[in-house]
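Nothing fancy with the numbering, it's 1 onward along the sequence.
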Amino acid sequence: PITDGVLTWGVKASWRGYAGEPQLSGGVTQPDPWDADAGSYGGPFEFPVTSGSYDADTGTTHLQADGTIRWQKYHGSTQTPPAGWTGGTDLFVLDVAISDPEVTISADGAFVTAEVVSRNFGTWQLVDHGRIRLVDLQVAGRTPILDAGTTTWKQLTASLTESAAHGAFSDSYDAGQIVDPVTVTYVGAGGVPVV
């Protein structure tokens, strides 16, 4: 069992700059919220790992983190509603919330899932996507750092899935888009998945 750790992920640097300052809740933090050099909201975000497990026989790691990041921008009162919209304008056209990410590293794949609610830019409908696979992680050829009872998978390359590109981010990106790398550190044993 794993009960303590941190999932570090900035989502995507250009997205943070575009979407602006997010609302953070549920324990997630952003230690460096403003990047003065870039003139944009910095990152990455740190989600507390609250539970998980490591199976030494298969090399499978599963981590559950807490916290919600929500971006809201472009109030509906300043925008032209889409054709057929009757829901009023007291809303934010850009409205994306990512909650409670989970990391899986196993022989069947390595990825991050999360609960996602987002507004479709074209229709203004707010959609609860449920728990979706946000990014795939590249762990081939990588090994975790084991140090004094702590395991760290550092700067894993992450790419957006189809669900994230065309659901969570409302067609803002293509599937396969490389986003910010993912780092997970937790108290406990770790290892490479047995393929």
Side chains of W9 and P101: does their closest heavy-atom pair fall under 4.5 Å?
-> no

State plainly whether the residues R70 and D95 are in salt-bridge range, i.e. N to O under 4.0 Å.
-> yes

Could you go step by step and tell me if H75 and Q79 meet the side-chain hydrogen bond (donor to acceptor under 3.5 Å, both in side chains) rule?
-> CA-CA 7 Å; H75 196 271; Q79 309 294 312; over 6 Å; no

Group every Ile, Leu, Val, Met, Phe, Trp and Tyr by side-chain heavy-atom contacts under 4.5 Å, then state whether L160 and F121 land in the same group.
-> yes

Between atom CD of Q30 and atom CD of E46, what is the distance when rounded to the nearest 0.5 Å?
-> 10.0 Å

So do F169 and K12 actually touch side chain to side chain, heavy atoms under 4.5 Å?
-> no

Minimal non-hydrogen separation, V96 against S118, with atom names = CG2-CB, 4.0 Å

Less than 4.0 Å between a side-chain N and a carboxylate O, is that true for E102 and R131?
-> yes

For side chain to side chain contact (heavy atoms under 4.5 Å, CB included), just list the numbers for I69 and F45, CA-CA rounded to whole Å, side-chain angles, deciding distance to a tenth of an Å, and then say yes or no.
-> CA-CA 9 Å; I69 309 169; F45 305 101; 3.4 Å; yes

Please report the closest heavy-atom contact between E162 and A175, naming both atoms and the distance.
-> OE1-CB, 3.3 Å

Report yes if some heavy atom in the side chain of Y173 is under 4.5 Å from a heavy atom in the side chain of I178; otherwise report no.
-> no

Cluster overlap F92 with W85, hydrophobic side-chain contacts below 4.5 Å | no

More than 12 heavy atoms of other groups within 6.0 Å of D90 CG | no

Is a side-chain donor or acceptor of T183 paired with a backbone partner of Q155 at a separation under 3.5 angstrom?
-> yes

Separation between CG of D100 and CD of Q64, rounded to the nearest 0.5 Å | 5.5 Å

Atom of F47, atom of A65 and distance for their closest heavy-atom approach = CB-CB, 3.7 Å

Approximate separation, where rounding is to 0.5 Å, of D108 CG and T58 OG1 = 9.5 Å

Would a 4.5 Å heavy-atom cut-off, applied to side chains only, mark T3 and S51 as touching?
-> no

cation_pi(K73, Y18) dist<6.0 Å, angle<=45 | yes

CG (D136) and OG1 (T157) are apart, to the nearest 0.5 Å, by 12.0 Å

Transitively linked via ILVMFWY side-chain contacts under 4.5 Å: V184 with F111?
-> no

Answer yes or no: is there a side-chain heavy-atom contact under 4.5 Å between Y186 and D4?
-> no

What do the steps show when you test I98 against T68 for side chain to side chain contact (heavy atoms under 4.5 Å, CB included), and what is the final call?
-> CA-CA 6 Å; I98 298 174; T68 296; over 6 Å; no

Please answer: with hydrophobic residues joined when any side-chain heavy atoms are less than 4.5 Å apart, are L137 and I132 in the same cluster?
-> yes

Test item: I105 and P193 side chains (from C-beta on) under 4.5 Å apart, heavy atoms = yes

Taking all atoms of both residues into account, what is the closest heavy-atom pair of W15 and S172, and its distance?
-> CZ3-OG, 4.4 Å

Give the C-alpha distance, both sets of side-chain angles, the deciding distance and a yes or no for side chain to side chain contact (heavy atoms under 4.5 Å, CB included) between T150 and T185.
-> CA-CA 7 Å; T150 297; T185 299; 3.4 Å; yes

Side-chain donor/acceptor of D174 to backbone N/O of Q177, under 3.5 Å = no

Heavy-atom nearest pair, R133 first then T113, reads CA-CG2, 3.9 Å

Flag side-chain contact, heavy atom, 4.5 Å: V127 against V117 | no

Could you walk me through whether T152 and K154 pass side-chain hydrogen bond (donor to acceptor under 3.5 Å, both in side chains), step by step?
-> CA-CA 6 Å; T152 301; K154 189 175 180 66; over 6 Å; no

If we ignore angles and hydrogens, is there a donor and acceptor under 3.5 Å between the side chains of T104 and H62?
-> yes

Test log, rule side chain to side chain contact (heavy atoms under 4.5 Å, CB included), inputs I2 and V187 = CA-CA 7 Å; I2 296 165; V187 177; over 6 Å; no

W153 and R142: which non-hydrogen atoms are nearest, and at how many Å?
-> CZ3-O, 3.8 Å

Is the backbone N or O of P31 less than 3.5 Å from a side-chain atom of T29, with the two atoms forming a donor-acceptor pair by type?
-> no

Pairwise side-chain contact, S77 with T89, heavy-atom cut-off 4.5 Å (strictly under) = yes

